[in-house]
Amino acid sequence: MTVCEYRPGLEGIPAAESSISYVDGQKGILQYRGIRIEELAEKSTFLETAYLLIWGELPSQEELKAFENEIQEQRRIKYRIRDMMKSFPESGHPMDALQASAAALGLFYSLRDLHNPKYIRDSVVRIMATIPTMIAAFQLMRTGNDPVKPKENLDYAGNFLYMLNEKEPDPLAARIFDVCLILHTEHTINASTFSARVTASTLTDPYAVVASAVGTLGGPLHGGANEEVIQMLEEIGTVDNVRPYLEDRLQRKAKIMGFGHRVYKVKDPRAKILQSLAVQLFEKFGYDKYYEIAQEVEKVMAEKVGKKGIYPNVDFYSGLVYRKMGIPTDLFTPVFAIARVAGWLAHWKEQLAENRIFRPTQIYNGLHEVPYTPMGKR
Ligand code: SDX
């Protein structure tokens, strides 16, 4: 077997064959099962898009209705998980609470039947239905309140905003949130999806797969960047301070959050759509001064590092949208996870279909035949 060249971070190395999504980083193209993200954002819903990704085709009206109903029926979380979350420290990061709760969900469904399509579907429905409820429950409990039960008459996106803010969301906000979920659902073999596939390849249960992927998504170089972008905009504070701030950080080789991508060398198509969603919200609910600062950041960054292919990625404008919906900053990445769970589950299913456990090799650069040194001689 030939050992191919080692590339740090497996940059440019195919780690799987997949038909779920496709990215052209030079042209800024993203397709889910071949359909352009712009079309899905305009015409689809998150649950329809999730169905497309997981089962490979757009559902019929009946198939979609059945999927929506199954999810709606399973939105409640086990009281033992709610009680477990009550013991989490309020200061804990919601991504850690989500990872613990997703893993705990597996305690209730320990029977693994990975070759049974009904087991696959039941697991997909259960996980997608309960993740939003867990996040909203943690938010309410860490502020000293009882969580609210899901509301039957609200769709997936609207119900999450209701459970989070304890009031029915404006229809425009609910629709825009649903589009945000579509945009964040899937993105080929990014770090958290790679984690999901590696974990899936050992034939463990889907709850462990999701818990593994949640842990990976939380890092600031991946899904955690959206939270850091808002913190950066708040730190910059004014439009006039953008240039000196960026020049200082770039000069220190510090990374600017929400910019750059391993694959996109142009502006992320999702960032373009999120930017337009933010403007729609500002037009209806009032302006956000941080948008002006963000636009100035984008302008100065294009001047400074555009030639290196460093442009806004999905995380740069998403936080401005979420802020307008009353979502706390440290819940931005859990919101990313609500959407990405569908992508991870699609990859879980695809990995199982033609599985081979991941076990890459390494280039050993350590010592050989080293004698043991007794304690007295160290
Ligand atoms: C997501 O993979 C996916 O698909 C992920 C994602 C998805 O949907 O799953 O799209 C979601 O994770 C988006 C990315 C969110 N992360 C951030 O916004 C964090 C900031 N971005 C960087 O950390 C970085 O751009 C990465 C991690 C996203 C990509 O890094 P790479 O491909 O490993 O690039 P690199 O670190 O090797 O940098 C190459 C050069 C370096 O300069 P030189 O040493 O060559 O002079 O580009 C520079 C870097 O310093 N650079 C940046 C930069 N990103 C790269 N310089 C300033 N700010 C940045 N953000």
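Atoms within each ligand, like the ligands themselves, are counted from 1 in listed order.
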Ligand-side contact atoms (ligand 1) for residue partner [X], heavy atom cut-off under 4.0 Å:
{"X": "Gly258", "value": "17 (C), 18 (O)"}
{"X": "Asn190", "value": "2 (O), 3 (C), 4 (O), 5 (C), 9 (O)"}
{"X": "Phe259", "value": "18 (O), 20 (C), 21 (N), 22 (C), 25 (O), 59 (C), 60 (N)"}
{"X": "Ala225", "value": "15 (C), 16 (N), 17 (C), 18 (O)"}
{"X": "Lys308", "value": "42 (O), 43 (P), 46 (O)"}

Heavy atoms only, cut-off 4.0 Å: how does [X] contact ligand 1, side chain, backbone, both, or neither?
{"X": "Glu228", "value": "neither"}
{"X": "His261", "value": "both"}
{"X": "Arg340", "value": "side chain"}

When you measure from [atom] to every protein heavy atom, which one gives the shortest distance, and what is it?
{"atom": "atom 29 (C) of ligand 1", "answer": "Arg262 N, 3.7 Å"}
{"atom": "atom 13 (C) of ligand 1", "answer": "Asp315 OD2, 3.5 Å"}
{"atom": "atom 27 (C) of ligand 1", "answer": "Leu221 O, 4.0 Å"}
{"atom": "atom 51 (N) of ligand 1", "answer": "Ile310 CD1, 3.4 Å"}
{"atom": "atom 58 (N) of ligand 1", "answer": "Ile256 N, 2.9 Å"}
{"atom": "atom 36 (O) of ligand 1", "answer": "Lys255 NZ, 2.8 Å"}
{"atom": "atom 28 (C) of ligand 1", "answer": "Gly260 O, 3.7 Å"}
{"atom": "atom 14 (C) of ligand 1", "answer": "Asn313 ND2, 3.5 Å"}

**Study point:** CZ/Arg7: more than 12 non-hydrogen atoms of other groups inside 6.0 Å
**Key:** yes
Exercise for review: Return the set of residues passing side chain to side chain donor-acceptor pair (under 3.5 Å) with Gln72 (not counting sequence neighbours), or none when no residue passes.
Suggested key: none
**Study point:** Centroid-centroid distance, Phe358 to Phe194, less than 6.0 Å
**Key:** yes
Practice item. Under 4.5 Å between side-chain heavy atoms, chaining through other members, with only Ile, Leu, Val, Met, Phe, Trp and Tyr counted: pull out the rest of the cluster around Tyr372, sorted by chain and number. Key: none
**Study point:** Flag side-chain contact, heavy atom, 4.5 Å: Lys43 against Thr49
**Key:** no
Short check: is a protein heavy atom less than 4.0 Å from [atom]?
{"atom": "atom 34 (O) of ligand 1", "value": "no"}
{"atom": "atom 39 (C) of ligand 1", "value": "no"}
{"atom": "atom 43 (P) of ligand 1", "value": "yes"}

[Y] ring centre to [X] NZ or CZ under 6.0 Å, with the angle to the axis within 45°?
{"X": "Arg126", "Y": "Tyr109", "result": "yes"}
{"X": "Arg121", "Y": "Trp55", "result": "yes"}
{"X": "Lys151", "Y": "Tyr162", "result": "yes"}

Review point. Is Ala191 near ligand 1, meaning one of its heavy atoms is under 4.0 Å from it?
Key: no
Exercise for review: Examine ligand 1 and decide if any of its atoms is less than 4.0 Å from a heavy atom belonging to Arg270.
Suggested key: yes
Practice item. For Val239 and Glu296, work out which heavy atoms get closest and say how close. Key: CG1-CG, 3.8 Å
Exercise for review: Could you point out which residue of Pro147, Ser101, Pro334 forms a side chain to side chain contact (heavy atoms under 4.5 Å, CB included) with Met134?
Suggested key: Ser101
Exercise for review: Would you mind telling me which of Tyr311, Tyr264, Phe332, Phe259 makes a ring-ring contact (aromatic ring centres under 6.0 Å, His included) with Phe316?
Suggested key: Phe259
Practice item. Going by heavy-atom distance to atom 1 (C) of ligand 1, choose the closest among Lys253, Lys304, His222. Key: His222
Check your understanding: Going by an N to O cut-off under 4.0 Å, is there a salt bridge joining Lys265 and Asp24?
Key -> no
Review point. Should the ring pair Tyr156 and Phe46 be called parallel, tilted or perpendicular, given that the plane angle runs from 0 to 90° and is split at 30 and 60?
Key: tilted
